[in-house]
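Accompanying notes for the structure given below.
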Amino acid sequence: MPRVRFTNFENEWEPRKLKDLGIIQTGNTPKTSNAENYNENGVLWITPTDIEYLITNNSAKKLSAEGYSKARIADSGSILVTCIASIGKNTLVEEPSGFNQQINSLTPNKLNNSYFLLTQSELWSTKMKGIASSGTMQIVNKNDFSNLLFLYPKLEEQKKIGSFFKQLDYTIALHQSKLDKLNTLKQGLLQKMFL
């Protein structure tokens, strides 16, 4: 049980496997040799290198209508988790998105909150790194991913926690953006004043 909780929530958290929270898929790659599968204005097709932020809303490649028909698609509100090589890079998609075979998706059912799961996915990553095979390339297969076990509260508490962390993450991103701008300003001034 968590040591800190919001008031008015007293129910026990229940152990559940990821596969009990919604639909899990492993992504795929429509043939890249067929240019008809991709276009510049299509649907997101996410690879591990596209996962840089908690919410991913852009990708280097996009699926055409033909590519979309061949891809595995994660619905809006799905959590994408890298399971090969760079284990445990996690993101939330807010629109239907394709994704490659290095990524598993969890599309939550109606009893689970997307942002709560995104926040908790940091714990998933830690556990995944611990179970990843230690060969040439680390991997957590779909079965191992699906059977990861964690504690979950009821939906209302998930929503409260998810909303809290969403606001906190927004505040962190806002301050990070300001910090990045100040660092850019500093670098520009250093070059003009000292070089």
Side-chain angles (χ1 to χ4, degrees), residues 17-110 112-150 166 169 173 176-177 180 184:
K17 295 179 179 180
L18 294 189
K19 66 182 177 184
D20 299 327
L21 307 177
I23 298 168
I24 293 177
Q25 301 183 83
T26 299
N28 68 335
T29 301
K31 285 189 180 179
T32 53
S33 59
N34 181 356
E36 299 294 315
N37 287 329
Y38 301 90
N39 69 33
E40 291 181 12
N41 300 312
V43 172
L44 298 182
W45 182 70
I46 298 169
T47 68
T49 56
D50 295 310
I51 300 176
E52 297 179 16
Y53 305 103
L54 288 173
I55 297 174
T56 297
N57 51 30
N58 198 11
S59 59
K61 281 192 164 191
K62 296 187 175 60
L63 297 169
S64 65
E66 185 171 333
Y68 184 90
S69 71
K70 298 172 185 171
R72 294 203 183 102
I73 304 298
D75 290 339
S76 174
S78 295
I79 314 303
L80 304 185
V81 180
T82 57
C83 292
I84 297 176
S86 56
I87 302 288
K89 285 176 68 177
N90 310 332
T91 194
L92 173 72
V93 292
E94 296 181 316
E95 60 188 88
S97 304
F99 53 103
N100 80 357
Q101 60 277 6
Q102 292 178 274
I103 298 172
N104 282 333
S105 70
L106 169 60
T107 303
N109 60 32
K110 294 182 184 199
N112 294 286
N113 177 268
S114 291
Y115 214 90
F116 171 84
L117 296 177
L118 175 65
T119 302
Q120 192 194 49
S121 72
E122 290 187 29
L123 300 177
W124 305 352
S125 298
T126 301
K127 193 174 270 193
M128 288 168 62
K129 289 172 185 170
I131 64 171
S133 57
S134 58
T136 307
M137 184 179 295
Q138 288 195 321
I139 183 169
V140 175
N141 65 42
K142 182 181 176 184
N143 185 57
D144 290 340
F145 178 76
S146 299
N147 286 299
L148 290 175
L149 183 69
F150 294 95
K166 187 174 191 176
D169 290 335
Q176 186 62 52
S177 175
D180 292 344
T184 300

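Nothing here was measured: the structure is a model prediction, and the numbers come from that model. Both backbone and side-chain heavy atoms feed into the values below; hydrogens, waters and symmetry mates do not.
The heavy-atom pair separating N58 from D50 by the smallest distance is O-CB, 4.2 Å. Here the shortest heavy-atom pairing between S78 and T107 reads OG-OG1, 2.6 Å. Across G77 and S114, no two heavy atoms sit closer than the pair O-OG, 2.6 Å. Among all heavy-atom pairs drawn from K62 and G42, the shortest one is CD-O, 3.5 Å. Residues S97 and V43 approach most closely at CA-CG1, 4.2 Å, considering heavy atoms. Residues I73 and Q25 share a closest heavy-atom pair of O-NE2, 2.9 Å.
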- Task: Go through L106 and V81 one step at a time and tell me if the side-chain contact (heavy atoms from CB on, under 4.5 Å) criterion holds.
- Result: CA-CA 8 Å; L106 169 60; V81 180; over 6 Å; no
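Judged by distance alone, with hydrogens and angles left aside, the side-chain atoms of S105 form no donor-acceptor pair with the main-chain N or O of I79 at under 3.5 Å. For the pair S177 (side chain) and A173 (backbone), a donor-acceptor distance under 3.5 Å is absent. Looking only at distances, a side-chain donor or acceptor of N147 sits under 3.5 Å from a matching main-chain atom of N143.
Within 6.0 Å of CD1 in I55 there are more than 12 heavy atoms belonging to other residues, nucleotides or ligands.
Annotation: side-chain contact (heavy atoms from CB on, under 4.5 Å) contacts of T91 (sequence neighbours excluded): I51, T56, L80. K127 is linked by a side-chain contact (heavy atoms from CB on, under 4.5 Å) to L148, F150, counting only residues two or more places apart in sequence or in another chain. Qualifying side chain to side chain donor-acceptor pair (under 3.5 Å) partners for S86, counting only residues two or more places apart in sequence or in other chains: none. By the side chain to side chain donor-acceptor pair (under 3.5 Å) test, N34 is found to be paired with no residue, residues two or more places apart in sequence or in another chain being considered. In this structure, S69 has no side chain to side chain donor-acceptor pair (under 3.5 Å) partners at least two apart in sequence or on a different chain. Evaluation of the side-chain contact (heavy atoms from CB on, under 4.5 Å) rule for T32 yields T29, Y38, K61 as partners, not counting sequence neighbours. Partners of E36 according to the salt bridge (charged side-chain N to carboxylate O under 4.0 Å, His left out) rule, which considers only residues two or more places apart in sequence or in another chain, do not exist here. With sequence neighbours left out, the side-chain contact (heavy atoms from CB on, under 4.5 Å) criterion links T26 to N104, K142. By the side chain to side chain donor-acceptor pair (under 3.5 Å) test, K129 pairs with no residue at all, sequence neighbours left out.
Between atom CD of residue E95 and atom CG of residue L44 there is a gap of 4.0 Å, rounded to the nearest 0.5 Å. Rounding to the nearest 0.5 Å gives a distance of 12.5 Å between CG of N28 and CD of Q102. A distance of 10.0 Å separates CG of N37 from CH2 of W45, quoted to the nearest 0.5 Å. Here the OG-CG distance, from S76 to L92, works out to 7.5 Å after rounding to the nearest 0.5 Å. The structure places CG of N57 at 9.0 Å from CD1 of I46, a figure rounded to the nearest 0.5 Å. Distance CG/N109 to CG/D20: 9.0 Å, rounded to 0.5 Å.
Within the structure, ring pair (Phe, Tyr, Trp, His ring centres under 6.0 Å) contacts touching residues 51-104 (residues at least two apart or in different chains) do not occur. Legend: salt bridge (Lys or Arg N to Asp or Glu O under 4.0 Å) pairs involving residues 64-89, not counting sequence neighbours, sorted by first then second residue: E66-K70.
In this structure, the side chains of S59 and T47 stay at 4.5 Å or more apart for every pair of heavy atoms.
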